[in-house]
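Each remark here refers to the structure printed beneath this line.
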Amino acid sequence: MALGDLMASRLVHSSSSPSPSPSTAAPPAPLPNHHHNHVTDDLPVANGPEPRNGLEPAEVEKPASVAYPPQVVVLCEQRHEGIDEAAAAAAGPSTSGLVSKWRPKDRMKTGCVALVLCLNISVDPPDVIKISPCARMECWIDPFSMAPPKALENIGKTLHSQYERWQPKARYKLQLDPTVEEVKKLCNTCRKYARSERVLFHYNGHGVPKPTTNGEIWVFNKSYTQYIPLPITDLDSWLKTPSIYVFDCSAAGIIVKAFLERLDWSSSSSSSSQKDCILLAACEAHQTLPQSAEFPADVFTACLTTPIKMALHWFCKRSLLRGSMDRSLIDQIPGRQNDRKTLLGELNWIFTAITDTIAWNVLPHGLFQKLFRQDLLVASLFRNFLLAERIMRSANCSPISYPLLPPTHQHHMWDAWDMAAEICLSKLPQLIADPNAEFQPSPFFTEQLTAFEVWLDHGSQDKKPPEQLPIVLQVLLSQSHRFRALVLLGRFLDMGPWAVDLALSVGIFPYVLKLLQTSAMELRQILVFIWTKILSLDKSCQVDLVKDGGHTYFIRFLDSLDAYPEQRAMAAFVLAVIVDGHRTGQEACIHAGLIDVCLRHLQPENPHDAQTEPLLLQWLCLCLGKLWEDFAEAQSLGLQSNAPEILIYLLSEPQPEVRASAVFALGNLLDMGSTSSNGVDDDSDDDEKVKAEINVVRSLLQVSSDGSPLVRCEVAIALTRFALGHNKHLKSVAAEYWKPQTNSLLKSPPSLANISSPSNVYSPNNIRQGSSGLASHIGPVLRVGIDSSATGRDGRVSTSSPIATSSIMHGSPQSDDSSQHSDSGILLRENASNGGLSYTRSRPADSVIYSQYISTMCSVAKDPYPRIATIGRRALSLIGVEQVVMKNSRFNSGGAHQGETSAPPSNFGMARSSSWFDMNSGNFSIAFRTPPVSPPQHDYLTGLRRVCSMEFKPHPMNSPEGLADRLISAAAPSNAELSILPQSTIYNWSCGHFSRPLLSGSDDNEEAHARREEREQIALDCIAKCQRSSCKMTSQIASWDTRFDSGTKAALLLPFSPIVIAADENEQIRVWNYDDALPVNSFQNHKLSDRGLSKLLLINELDESLLLAASSDGNVRIWKNFTQKGGQKLVTAFSSVQGHRAAGRSIVIDWQQQSGCLYASGDMSSILVWDLDKEQLLSTIQSSGDSAISALSASQVRSGHLAAGFVDGSVRIFDVRSPDRLIYMARPHAPRTEKVVGIGFQPGFDPYKIVSASQAGDIQFLDVRRAAEPYLTIEAHRGSLTALAVHRHAPVVASGSAKQMIKVFSLEGEQLTIIRYQPSFMGQRIGSVNCLSFHPYKSLLAAGAGDNALVSIYAEENYK
């Protein structure tokens, strides 16, 4: 299978999260026996409400025959697992820890080799009794076949040439039958030449006695009349370290023992680290070398220096070929050892692969690295040592080493070697007879790759690692197997960071680095994939890549359009890691033209092209952001290349990850040491730069109200960078804002209009720069010098009033009673050295953006997502604005209710005298002294003030306290400031995507699918049952005292478990099991002081359900794991009426699962449609009425349909998909004009009938197709209707009144049940019915009351 196919089939579905995005996911197949066509989403809109096929869904005979509308599952992407700095940092590539252990500590080489042969040919040592026939060969030469001096010289030369094959670049020194002096001179010369490199000392003692028990080896005197002992301690002191010794003599273990004693002694006596000393000895202390004639006399040396020849000779005697095979042919094997396309070369290659594999599987990884990866000669000797152990143990002789290796002579990989040897020997006669015969490669590597593939199919982290990994590494050397090996390696690395670590520890790194120099097209995709996996674990490889010019490989790949976008996203990721915090990498990539490549692919070739793969857009942005992070040259290149305009276009992309990455890239274009705050700068270049920066900030302010916390968090961080760069301008503008104000202005209630029209929140093109909208956005606290006549209805500043920019900027000239109000929560310290007020060189064109900036940051500081609010407060404190603790206030459109403050002040952000440093650093002992603040006269003053009352003690600049002083007046940011800057998380968090498996389909999806099918079946059974039931809710099955202080505001029954959720006006949420009558969980929706709950909704009810809690200020928070005690986790939070602060305290909201849309409105003239899958404002529907919306209901049958009830009693139905949006309008409650309290689509799958209930007490049933007049009216309650509930499937509606009464009606208007709340135990009356909520599929009704904390659940008589 070609890699392209493999990667395409595996990767084409991988988006930035493991689950398929709803836009691409096919809807679930229709359930058996259900008419799927009734719930098609595409009912014709244009030709009016004619039902399809002429068959009305309500008229289907069997009530059970309903299909379940396909549902969009939202908010279950990786980004909703929660993102904080610690988690993001953990997700990003590491630079330390586990990861860099795989790197060889430092490569070494053996620079000098000393060969000492004490053979004394023809004279046997006194302690040796030889057998006959006896082993005689030394270096495959029979010493008795020629004169002894000639033989000695030949043997020495041959040994030299055998070693030279393993290390050709070393210097070789030979001493034949030497004296002590000669050995000393040899050792000193070698060490002098080798300097700090390793020296190898090879000792053959076959012509001298065994070593002494004191650890001495023998040499000769000058006249060869005596054996002279040479203590090992002397040898060691001459050769020093690092060194490697080979002792080929009987009882060699004695020397090793003496060495180890010396090492122990020296390491205990000196504090220096242990010496780098390696020993290889032919046998143990009590053993003599094998004398059998089947072995050479120097069998140990033969194994170490000519392993293939030795192994084949030994194998030949043991194999079935021994009778037919002429052993002299072994010496004639054709080919060269380093040419893998010849027989000898292939055998050598197989031998290397097998011995490497045995060592890697048996040795601890640290030891494997040291012996097999640090020094080429040492690695070769140890591979061959494994062979020596196998061969010599067959002769009852055990070679030993230091460091000690575990026994390997019986490892099963030797069987594979025997097979390869046998295949080779069987071919040998034919190859020698016909030198031109075609060489057939061995099947060894193909078979081992197949074994590896089998492991990949069944292996996992918990199982034994695949033993073939070192063989895969060897196979990368061969062109014929390379592609398959890389694909399998890619599959292995995809299993997780543990697999990447294993592959790196086996030594894959230099191989894949070298492969980047190949131009083979078929390897590109898999190499990019492998590098993605390596860099997602270990960032430190960036240095090697740049050093070897590897970055150009990835830039070329990124620029090639024939690769899949997901793979090009991987190349962008690799490049992002290369430039991440690595100046050399940044410079290299800029010179290679990376900026142009990224920008070119961020723009579609033509605007109508299909959407580019989001993952690619995301990584192109992140790569650019990292490229110009803290690198001025790259920033200016980016500005010149028109990068801001291209990136701003991406701020309206549907994927939050792409938007957040674009914000990250834009934010990193802002220079924090911006010249605009460095005093005088007349450079036109700088002017251009500042203009570009202002443009970037303007676009960022536009997306500060994005629906995704991921995006808003990056915006807040980018804007904080701006606060550092433009600190002085912002301070002076902020100071002008907080000039003391006139009394009359402070009394106008706070209301904030939007900066730009809501439908354009995401559109980069229409950024309004008018200051009037801005002034109203900032609200009365910040409003300065505006004539009160400019204030329109209900205290809002009319956006058309001609407020001159200058009057906003420079305060009101007529501040008549300013002295009186200087303490109303707003403090100003006019100290030029500190606050920057004397800094007058402000650009008039920019001051509008500075004021917009301040007002936006005030909103960010109140963000419903806690981390973002913290960042907003940090940014404000940088420019000298700090949050004040404020009372819990309620406000309405008309003004503050007097005396209605209820809760004690809660800590909104920070204590009065503390500052941002105290909160965030702990190690800064900064003294801020703030005079006591008198409480604000009006409790609706939003809690902001100018912190200019800090007194700084004079401190030397180097003391920690001096830091604060620097921060307030610094022109360019200091290191301390940069370290306090909130860290962006999008990059590290996004990196986590690549460390997760990308090739395997997730099993979770199958599980979730099975659970969903099971739930669908349960739902269908329950629906069928409740449609046939009497629906008389006469039996109270549970009553729960929620212990809420302020009564129950909202209640919700979960569909698949006996659980009810209730919440009160203080946004305390409690979860209760009504079968067991036990509390399950309790938590607060948020800790802010501004409280009030609007509604509870359930999202993804057929899957992992999420709880949506809508506050009455329009903030929406969505929780998961809310039924686990203390386990609730905030998934997302945003303001649903962003920019429409006039919505007051009467937010209405509803959720539509099929479309994934959330509809929000309130005291305003529009309905905002949020797409929760994209976490984006989809559109704004103008409600085309003068009055506010008081009730909202989304159709659960028809995607995009919603019904709205208005304060004036009118009802409208909208279709998001139709061009004019409004498709129906009626005044069913006329002539009464009380507000619509509840509205809903009628039960079942009929999209045309609605129910509307007004405060006057009447419930009207309407059919959209027939007329504007209701076809049925129920006078349910007289003038006191407070709640309406419409069952989703059962033909029943319920209403509640202020007079402690609940009535249940059928759709024909028949009153089925009347429930009177009983007087409670002490005879008090129970308050009005605040909320009613039906179970989605069963005949169950939950009711909550306003004045007490009871939640009651009603069911039919026979409820089980």
message = I'd like to know whether the aromatic ring centres of Trp498 and Phe492 sit less than 6.0 Å apart in this structure.
response = yes

Neighbour count >12 (heavy atoms, 6.0 Å) for atom [atom1], [X]:
X	atom1	answer
Glu587	CD	yes
Gln479	CD	no
Gln374	CD	yes

key: Test log, rule side chain to side chain contact (heavy atoms under 4.5 Å, CB included), inputs Asp580 and Glu629   = CA-CA 8 Å; Asp580 179 16; Glu629 185 173 48; 4.2 Å; yes

task = Take the angle between the ring planes of Trp349 and His481 and call it parallel below 30°, perpendicular above 60°, tilted in between.
result = tilted

inquiry  = Does the plane of the ring in Trp531 sit parallel, tilted or perpendicular to the ring in Phe554? Use 30° and 60° as the thresholds.
reply    = perpendicular

[X] side chain to [Y] backbone, donor-acceptor under 3.5 Å:
X	Y	result
Asp494	Leu999	yes
Asn1100	Val74	yes
Trp619	Glu566	no
Trp628	Ala665	yes
Gln567	Phe529	no
Lys463	Trp455	no
Ser641	Ala643	no
Asn361	Glu467	yes

message = So if I apply the side chain to side chain donor-acceptor pair (under 3.5 Å) rule between His80 and each of Glu1175, Lys1129, Lys1120, which one comes out positive?
response = Glu1175

Donor + acceptor pair across side chains of [X], [Y] (<3.5 Å):
X	Y	value
Thr450	Arg484	yes
Gln586	Arg583	yes
Asp538	Ser540	yes

Roughly how far apart are [X] [atom1] and [Y] [atom2], rounded to 0.5 Å?
X	Y	atom1	atom2	value
Glu81	Cys76	CD	SG	9.5 Å
Thr552	Asp559	OG1	CG	12.5 Å
Leu650	Gln603	CG	CD	9.0 Å
Leu998	Met570	CG	CE	5.0 Å
Lys626	Ser984	NZ	OG	7.0 Å
Leu620	Leu558	CG	CG	5.5 Å

If I compare all heavy atoms of [X] with all of [Y], which pair ends up nearest, and what's the gap?
X	Y	result
Cys621	Leu602	SG-CD2, 4.0 Å
Gly490	Ile530	CA-CG1, 4.1 Å
Ser536	Lys533	OG-O, 2.8 Å
Arg712	Ser704	CD-O, 3.4 Å
Asp1171	Lys1174	OD1-N, 3.1 Å
Leu473	Gly507	CD1-O, 3.4 Å

request  = Could you go through the side chain to side chain contact (heavy atoms under 4.5 Å, CB included) check for Phe631 and Ile590 one step at a time?
outcome  = CA-CA 11 Å; Phe631 185 21; Ile590 278 182; 3.5 Å; yes

How about [X] and [Y]: do any of their side-chain heavy atoms sit closer than 4.5 Å?
X	Y	value
Leu477	Tyr511	yes
Gln640	Ser636	yes
Ile868	Val715	no
Asp548	Leu516	no
Val703	Ser652	no
Met521	Asp562	yes
Leu575	Val579	no
His993	Leu615	yes

Ion pair present between [X] and [Y], side-chain N to carboxylate O less than 4.0 angstrom?
X	Y	value
Arg1012	Asp1103	yes
Arg79	Glu657	yes
Asp457	Arg491	yes

task = Evaluate side chain to side chain contact (heavy atoms under 4.5 Å, CB included) for Leu670 paired with Leu719, printing each intermediate quantity in order.
result = CA-CA 9 Å; Leu670 300 175; Leu719 291 176; 5.9 Å; no

task = Apply the test side chain to side chain contact (heavy atoms under 4.5 Å, CB included) to residues Val577 and Tyr987: give CA-CA distance (whole Å), side-chain angles for both, the deciding distance (0.1 Å), then the verdict.
result = CA-CA 10 Å; Val577 177; Tyr987 169 74; 3.5 Å; yes

note = Checking Arg659, Gln618, Glu714 against Phe664 for side chain to side chain contact (heavy atoms under 4.5 Å, CB included), the one that qualifies is Glu714

